[in-house]
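Report on the following structure.
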Amino acid sequence: MDIYLYNTLTRSKEKFEPLEEGKVRMYTCGPTVYDYFHIGNARSFVVADVIRRYLEYAGYDVTFVMNITDIDDKIINRAAEKGVEANDVAREFTEAFFQDIEALGVRPADVYPKATETIDDIVRHVEGLVKSGAAYVVEGDVYFSVEAFPEYGKLSGKNIEELVAGALVEKDERKRNPADFALWKAAKPGEPSWESPWGRGRPGWHIECSVMSQKYLGETFDIHAGGNDLIFPHHENEIAQSEALTGKQFVRYWLHFGFLRINEEKMSKSLGNFITAREALKKWPAYGIRFFFLQTHYRSPLNLLPEGIEGAVKGAAKFRAFRDELDTMDDGARSFDAEPYRERFARAMNDDFNTPAALGALFDLMHDVRAAALDGGIDRPSIDAVRDFFDRAVDGVFGILPPPQEALPGAGDALVGDLVQILIDVRNDLRKERNFALADRIRDALAAAGVTLKDGKDGTAWSYSPPESTTRG
RNA sequence: GGCGACGUACCCAAGUGGUUAAGGGAGCGCUCUGCAAAAGCGUUAUUCGGCGGUUCGAAUCCGCCCGUCGCCUCCA
């Protein structure tokens with residue numbers, strides 16, 4: 001089955017045909033490491049992660065690159081505030097970035113190029129643009145001349161005249177056109193800087209992504225993804241800088257993600273209405289946050305509602321319960337064909353990564369497997385086939401399968417488990433004696449400690465999760 | 001002002017011309033239970049922001065109106 005995806009460049013869904021058969025070269029704009037990233041940024045990282053995982057599920061060999069912008073005005077400003085070196089800020093938040101995406105279950109990219117480690121390549125690229133006349137030097141700054149690139153505006157649907165007429169473009173007498181943008185910035189006193197043909201300075205933001213992506217993926221690559229707000233000017237400028245030098249198409253498919261909103265408003269650092277991914281992960285498990293994101297199509301805006309994430313946590317928990325059932329399911333005589341569900345899943349995902357529809361297929365699979373299991377039982381090969389697909393989809397592609405109970409903190413400890421079991425045994429004796437008051441006291445006390453008891457036909461099972469009472473705020 | 005997205009049940013959200021409008025959460029009923037919890041099962045929109053139009057047929061196409069949001073400036 002073919003994959004179709006919505007390409008911002010053509011404003012339409014297109015059949016995905018990678019440059020090289022069976023191989024995908026993909027790039028996503030990574031963080032500027034001046035602070036913790038927020039839950040809205042997390043949505044982009046998770047969505048990109050799921051797209052990458054699905055392409056691999058679909059059989060592609062994916063090379064996935066994400067940059068780290070580790071030199072930038074914001075980093076310099078933050079360092080000045082804290083009274084430390086820009087380096088220190090970058091190092092601290094690069095480390096935090098890796099911790100947080102790991103906690104979110106985002107699989108590592110193949111390469112994480114850093115701007116400060118790509119300076120030579122950036123300088124060469126800018127030099128090339130200056131030589132070709134697409135860029136010009138003014139007092140140690142280098143600007144890209146938008147008029148030198150006739151196709152400027154093709155991604156965002158803007159044109160230079162309108163941008164200039166928009167009057168919001170800051171006037172800078174040194175620029176030939178107000179829409180021109182900096183490729184290289186001359187160093188101000190005290191700022192980190194590198195040698196260049198135009199004196200000491202540092203790269204502009206846009207050029208980093210162009211150079212870092214092309215360095216690892218080639219002059220033309222398949223997919224470049226990022227948030228909607230990067231379409232203009234960031235990605236527009238990337239195209240201009242890249243294609244003006246190579247004369248080749250820079251990126252074949254541009255994917256853009258919808259925003260996470262809070263109170264119907266875009267969540268952003270500048271509006272100050274954000275919560276960091278780090279804070280969110282203290283409140284909710286990663287699988288719940290991921291499930292919450294995937295319940296909405298990646299291009300649509302998504303309103304952050306605590307009850308929404310709580311619902312997502314519960315939804316994801318059903319996957320775990322079902323997965324455990326599969327392991328203990330008695331085999332029966334009937335066969336169950338998982339293929340229609342696999343097809344529905346693939347059809348949904350192939351249609352511009354329609355994760356909500358794909359989730360629907362997975363829930364129907366659970367429902368129908370249970371119904372079949374009740375109605376005579378399913379044979380072993382069918383159970384195995386369901387489990388194989390289920391694991392590859394829920395865990396492999398979406399990354400939303402909650403960990404088994406044993407993996408939860410505290411519950412894996414042998415002594416803790418023994419103590420809980422002793423209490424359960426005592427309580428069950430009390431129940432036999434119909435001393436329910438004391439039995440319930442044990443149950444309530446355990447519940448307060450995070451241990452939930454489930455009385456069933458075959459005895460009492462228990463599970464652990466961090467107590468609700470520790471919620472903060 | 002220019003460009004663009006969206007408005008589907010109590011909440012979230014698929015579906016973009018044709019059988020009964022997916023799925024999740026919540027509510028309700030049931031099973032299980034000493035009672036719970038958890039889990040499972042069942043159930044909840046003659047209707048898709050409003051008004052017109054095209055069509056044998058529209059949530060789906062067209063027009064207008066109302067409402068929400070985004071980009072045009074750093075931002076995922």
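Naming convention: chains lettered A, B, ... in sequence-line order (proteins, then strands); numbering from 1 in each chain. The figures that follow rest on heavy atoms only: side chains count, while hydrogens, waters and symmetry mates do not.
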Closest nucleotide of RNA chain B for A:S270 versus for A:A439: which of these residues is on the 5' side?
-> A:A439
How far does the [atom1] atom of [N] sit from the matching atom of [M], given to the nearest Å?
N	M	atom1	result
B:rC35	B:rG24	P	29 Å
B:rC6	B:rA14	P	11 Å
B:rG2	B:rU8	C1'	31 Å
B:rC74	B:rA38	C1'	48 Å
B:rG29	B:rC66	P	45 Å
B:rC72	B:rG27	C1'	45 Å
B:rU16	B:rG7	P	13 Å
B:rG57	B:rC71	C1'	39 Å

Can you name the one residue among A:E236, A:H234, A:H235 that meets side-chain hydrogen bond (donor to acceptor under 3.5 Å, both in side chains) with A:S156?
-> A:E236
Report the residue from A:R176, A:K185, A:R174 that forms a side-chain hydrogen bond (donor to acceptor under 3.5 Å, both in side chains) with A:Y143.
-> A:R174
Using a 4.0 Å heavy-atom cut-off across all strands, classify [X] as base, sugar-phosphate, or nothing.
X	result
A:R347	nothing
A:L260	base
A:H256	nothing
A:R43	nothing
A:G40	base
A:T32	nothing
A:L453	base
A:F232	sugar-phosphate
A:D72	nothing
A:F257	nothing

Kindly point out which of [options] is positioned nearest to the side chain of [X]?
X	options	result
A:R431	B:rG24, B:rU33, B:rG15	B:rU33
A:E264	B:rA13, B:rC69, B:rC74	B:rC69
A:T296	B:rA13, B:rC11, B:rA39	B:rA13
A:K158	B:rC12, B:rG2, B:rA76	B:rG2
A:K318	B:rC74, B:rG40, B:rC71	B:rG40
A:D229	B:rG24, B:rG15, B:rA76	B:rA76
A:D364	B:rA22, B:rA14, B:rU73	B:rA22
A:P233	B:rC12, B:rC74, B:rC71	B:rC74
A:E265	B:rC72, B:rG70, B:rA14	B:rG70
A:M267	B:rG24, B:rA76, B:rC41	B:rA76

What is the separation between atom [atom1] on [X] and atom [atom2] on [N], rounded to the nearest whole Å?
X	N	atom1	atom2	value
A:Y298	B:rC12	OH	C1'	20 Å
A:H235	B:rG70	NE2	P	20 Å
A:M366	B:rA39	CE	C1'	12 Å
A:I262	B:rC12	CD1	C1'	16 Å
A:R261	B:rA76	CZ	P	18 Å
A:H234	B:rC72	NE2	P	13 Å
A:N303	B:rA13	CG	P	8 Å
A:Y152	B:rC72	OH	C1'	11 Å

Counting Watson-Crick and G-U wobble pairs whose two distances are both under 3.5 Å, find the runs of 3 or more in a row that involve RNA chain B.
-> B:1-7 with B:66-72, B:10-12 with B:23-25, B:26-31 with B:39-44, B:49-53 with B:61-65
Is A:S300 near enough to B:rA14 that one of its side-chain N or O atoms lies under 4.0 angstrom from OP1 or OP2?
-> yes
Kindly say if A:K454 contacts the phosphate of B:rU33, meaning a side-chain N or O under 4.0 Å from OP1 or OP2.
-> no
Distance-only donor-acceptor check, side chains [X] and [Y], under 3.5 Å:
X	Y	answer
A:Q214	A:S210	no
A:N67	A:E208	no
A:D368	A:Y341	yes

Salt bridge or not for A:R53 and A:D395, using N-O below 4.0 Å?
-> no
Is it true that A:R278 and A:D100 have a side-chain N and a carboxylate O under 4.0 angstrom from each other?
-> yes
Please state whether the rings of A:W254 and A:F250 are parallel, tilted or perpendicular, taking 30° and 60° as the class boundaries.
-> tilted
Parallel, tilted or perpendicular: which describes the rings of A:F291 and A:F319, with under 30° parallel and over 60° perpendicular?
-> tilted
If you go through the side-chain atoms of [X], does one of them form a donor-acceptor pair with the base of [N] closer than 3.5 Å?
X	N	result
A:R370	B:rG40	no
A:R443	B:rC35	yes
A:N435	B:rG34	no
A:D455	B:rC35	yes

Non-hydrogen side-chain atoms of A:E238 and A:L155 separated by less than 4.5 Å | no
Do A:L359 and A:I400 come close enough that some side-chain heavy atom pair is under 4.5 Å?
-> yes
Using the rule for Phe, Tyr, His and the six-membered ring of Trp, do A:F363 and B:rG24 stack at under 5.5 Å and under 30°?
-> no
